[in-house]
Amino acid sequence: MIYGPEFGAGLNIYGTLNWDWYLAPVQDDPTHPSILNLYSGSSVSGYGIALGDTWWYSGGPYVTMNVYSNAFAGISYMYWGGHVNLYGGILSITNGLTVETVGAVSDATRSMNLAGGELILPSAFTGTVNGWISRGILLAYGKAQDTSDIVMDGVTVPGRTLVTTIPLGGSLQDVHLQSFPTNLTVGGFQPLTVLGDYPNVQNVVLTALDPATLPGTIVYQSSAPNVVTVDTNGLVMALAAGSTTLTAALGTFSSTNSITLTVTPVTNPVPHLPEEQAVL
């Protein structure tokens, strides 16, 4: 049994890691998840992976597992309580992805993002996969409830369900911003999502791709940083009343659209006094 990585720590695998029972990372803090990285050429195998699961610890599900190109993870069960980014390689699960076992782990805190590679599941899993898509926990290139870019194949791997995505089909063509609220109050915050179009797939969430495949780092910009700031993760924070224009850039690409955001002050309503107090 491997308890970890825990509480914001990371485990980077470059070779082979085997275990007899479960690999069980956990974390309570959503802002600093525990990270499990399977780098190119690495492999892991064991009875199961319990991502942020609470069957052994009453904590949070804030764990991320990244599987990169040419990596292989072969396990019997995965208790799915955290987040998985399948950038490439193979994630093969013999007996299934167990997502219903822990009531404390909600759909809002777990997801599997397919941005390449292969997810291999037991046979007759088509209905289950469709259920995950409809619930928004199985993503294609970061897009929820995407049925057009996920492919299920029950022939290529005999007796198994092979889940992949449609290839992007080439290089990035343009960058644009997802729709965003036009008003925030001072102290409010909201994530800003940058999308990209590729030859075969449009509106790809660029932060859902392997960063090494992007032509640079996303840079978020606010025309009035005294009114609104945007951190390196795209979190928009309203500081003062006013207006600003939000844009983004990635390498030589600038966002083809911008967002005008108005920040209003916080208003404290005058409390209504009972009539007898008002008279006094």
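Side chains are part of it too, since the values below use all heavy atoms of this structure and drop only hydrogens, waters and symmetry mates. Values in this document were obtained by computation on a predicted structure and should not be read as measured data.
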Donor-acceptor pairs under 3.5 Å, side chain of residues 225-241 to any protein atom, not counting sequence neighbours: which ones?
residue : atom : partner : partner atom : Å
Asp231  : OD1  : Asn233  : N            : 2.9
Asp231  : OD1  : Gly234  : N            : 3.0
Asp231  : OD1  : Leu235  : N            : 2.9

| request: Take Thr207 and Thr193 through the side-chain contact (heavy atoms from CB on, under 4.5 Å) test and state the conclusion after the steps. | output: CA-CA 8 Å; Thr207 53; Thr193 301; 5.7 Å; no
| message | Between Gln145 and Ser134 (side chain of the first, backbone of the second, donor and acceptor by atom type, cut-off under 3.5 Å), is there such a pair? | response | yes
| field | Partner residues of Tyr62 under the side-chain hydrogen bond (donor to acceptor under 3.5 Å, both in side chains) criterion, sequence neighbours left out | value | none
| task | Go through the structure and list residues passing side-chain hydrogen bond (donor to acceptor under 3.5 Å, both in side chains) with Asn66, not counting sequence neighbours. | result | Asn37, Asn85
| More than 12 heavy atoms from other groups under 6.0 Å of CG on Asp20 | no
| task | Can you measure from OH (Tyr22) to CD1 (Ile2) and round to the nearest 0.5 angstrom? | result | 13.5 Å
| request: Just grab all the salt bridge (Lys or Arg N to Asp or Glu O under 4.0 Å) pairs involving residues 147-166, residues at least two apart or on different chains. | output: Lys143-Asp149
| query | Do Ser40 side-chain atoms and Ser69 backbone N/O form a donor-acceptor pair below 3.5 Å? | reply | yes
Donor-acceptor contacts, no H, no angles, side chain residues 242-251, under 3.5 Å, sequence neighbours left out:
residue : atom : partner : partner atom : Å
Thr244  : OG1  : Ser222  : OG           : 2.8
Thr244  : OG1  : Ser223  : N            : 3.2
Thr244  : OG1  : Ser223  : OG           : 3.2
Thr244  : OG1  : Ala224  : N            : 3.0
Thr247  : OG1  : Gln221  : OE1          : 2.8

| task | Without swapping roles, check the side chain of Trp80 against the backbone of Ser111 for a donor-acceptor pair under 3.5 Å. | result | yes
| Heavy-atom check, side chain of Val63 versus side chain of Leu36, under 4.5 Å | no
| query | Do Leu206 and Leu172 have side chains that get closer than 4.5 Å, going by heavy atoms? | reply | yes
| query | Who pairs with Tyr77 by ring pair (Phe, Tyr, Trp, His ring centres under 6.0 Å), at least two apart in sequence or on another chain? | reply | Tyr47
| Donor-acceptor contact below 3.5 Å, side chain Asp210 vs main chain Tyr87 | no
| Pair Asn257, Ser255: side-chain N/O donor-acceptor within cut-off below 3.5 Å | no
